[in-house]
Amino acid sequence: VEITEGRRKKITFLRLWCVWSAQGLEMSVGKIPFLQAVNGSTVMLPCTYASCIGIQDLYFNWQYNDNGTMQKVCEAVIPTEDVVPDVQIHKERVEFIGKNNKNNISILIWNITFEDGGYYTCFGKNPKEKNKNHSAIFHLIVVDELRVVDNTLTILIASAVGGAIAFLMAFMLLKNLTLFVLAKLEEKNKECLVSSSGIDNTENGLPASKADSKPTPKKK
């Protein structure tokens, strides 16, 4: 009983912490909150939600910022996790594709026009977290055509840097090889000098040739 009571207290504490902390309900439009798309194409506006204690009657909507006026694109209430919401669409050419699978509430916009470009807000409110709410903004950019990025400068810089690194490595290798050869030559020269010194002393009758010398006879 004590273990069960302890777990209950722990769960209650975690729920209260999630409700009042900044890690409650969170809406996300991904790591890249913008998209550049060609006029006439179909685009997806991504959005997912997360809650550390779960949801109950989560309200969400998509809104479009029309020159400072927020217009609803769609809205719905999700009773619990894994339930497909009944979404009300308020704008033409919009389709809800999230289906609440993996907390996904993304939408699709068909045949976009230049008027569709702008800022879209994904908003959510969770009654289970004392109506805690959160929102995320996605920027849709509509263009005539996608520009091809010229990577010539990048390639030139990368080639120059790579060449400089290769040259430096070759220089260091050549330097080490030269030092090694010089060290070997110096060692060989020292051996030659020692050997030559021994031969000269022998030829001149110096201490190196004591073994061959005879003592001077004493006079009687």
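Counting from 1, the numbers follow the sequence of the chain as shown.
Phe123 and Leu140 sit in two unconnected hydrophobic clusters of ILVMFWY residues. Membership requires side-chain heavy atoms under 4.5 Å apart, directly or through other members. Taking hydrophobic clusters as Ile, Leu, Val, Met, Phe, Trp and Tyr residues chained together by side-chain heavy-atom distances below 4.5 Å, Val77 does not share a cluster with Val94.
For the 3.5 Å distance criterion, the side chains of Glu26 and Ser51 fail to qualify, holding no donor opposite an acceptor. In summary, the side chains of Asn61 and Tyr59 do present a donor paired with an acceptor at a separation below 3.5 Å, with no hydrogens or angles considered.
Counting only heavy atoms from C-beta outward, the side chains of Ile55 and Glu81 approach each other to under 4.5 Å. With contacts defined as side-chain heavy-atom distances shorter than 4.5 Å, the pair Val29/Ile137 does not qualify. Residues Trp62 and Thr121 are not in side-chain contact: their nearest non-hydrogen atoms beyond the backbone lie 4.5 Å or more apart. Annotation: side chain of Asn100 is not in contact with side chain of Val84 (no heavy-atom distance under 4.5 Å). Counting heavy atoms from C-beta on, the side chains of Ile105 and Met27 come closer than 4.5 Å.
If you take OG on Ser135 and NZ on Lys125, they are separated by 13.0 Å, rounding to the nearest 0.5 Å. Rounded to the nearest 0.5 Å, atoms NZ (Lys132) and CG (Leu58) are 13.5 Å apart.
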Given the rule in the ring pair (Phe, Tyr, Trp, His ring centres under 6.0 Å) test, do Phe96 and Phe60 qualify, once you have shown the distances and angles that lead to the verdict? CA-CA 12 Å; Phe96 178 75; Phe60 79 90; 5.7 Å; yes
If you look only at distance, which donor and acceptor atoms sit under 3.5 Å apart when one is on a side chain in residues 35-48 and the other is two or more places apart or in another chain?
unit_1, atom_1, unit_2, atom_2, d
Ser41, OG, Val38, O, 2.6

Per-pair distances, 0.1 Å, donor-acceptor, side chain in residues 156-180, under 3.5 Å, sequence neighbours excluded:
unit_1, atom_1, unit_2, atom_2, d
Ser159, OG, Ile155, O, 2.8
Asn176, ND2, Met172, O, 3.2
Thr178, OG1, Leu174, O, 2.8

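In this structure, Glu95 contributes its side chain and Ile109 its backbone to no donor-acceptor pair below 3.5 Å. The backbone N or O of Gln56 sits less than 3.5 Å from a side-chain atom of Asn126, completing a donor-acceptor pair. A distance-only check finds a donor-acceptor pair linking the side chain of Asn103 to the backbone of Tyr49 [under 3.5 Å]. In this structure, the side chain of Asn65 engages the main chain of Gly68 through a donor-acceptor pair within 3.5 Å.
Within 6.0 Å of the CD1 atom in Ile141, the count of heavy atoms belonging to other residues, nucleotides or ligands exceeds 12. Within a 6.0 Å sphere centred on CG of Asn131, other residues, nucleotides and ligands contribute more than 12 heavy atoms.
Taking the six-membered ring for Trp, Tyr120 and Phe138 have ring centres at least 6.0 Å apart.
Put simply, the residue from Lys72, Glu75, Gln71 that forms a side chain to side chain donor-acceptor pair (under 3.5 Å) with His90 is Glu75.
Between His139 and Tyr119, the ring planes are parallel. Angles under 30° get that label, and only those over 60° would be called perpendicular.
Under the 4.0 Å criterion applied to side-chain N and carboxylate O atoms, Asp116 and Lys91 are assigned as salt-bridge partners.
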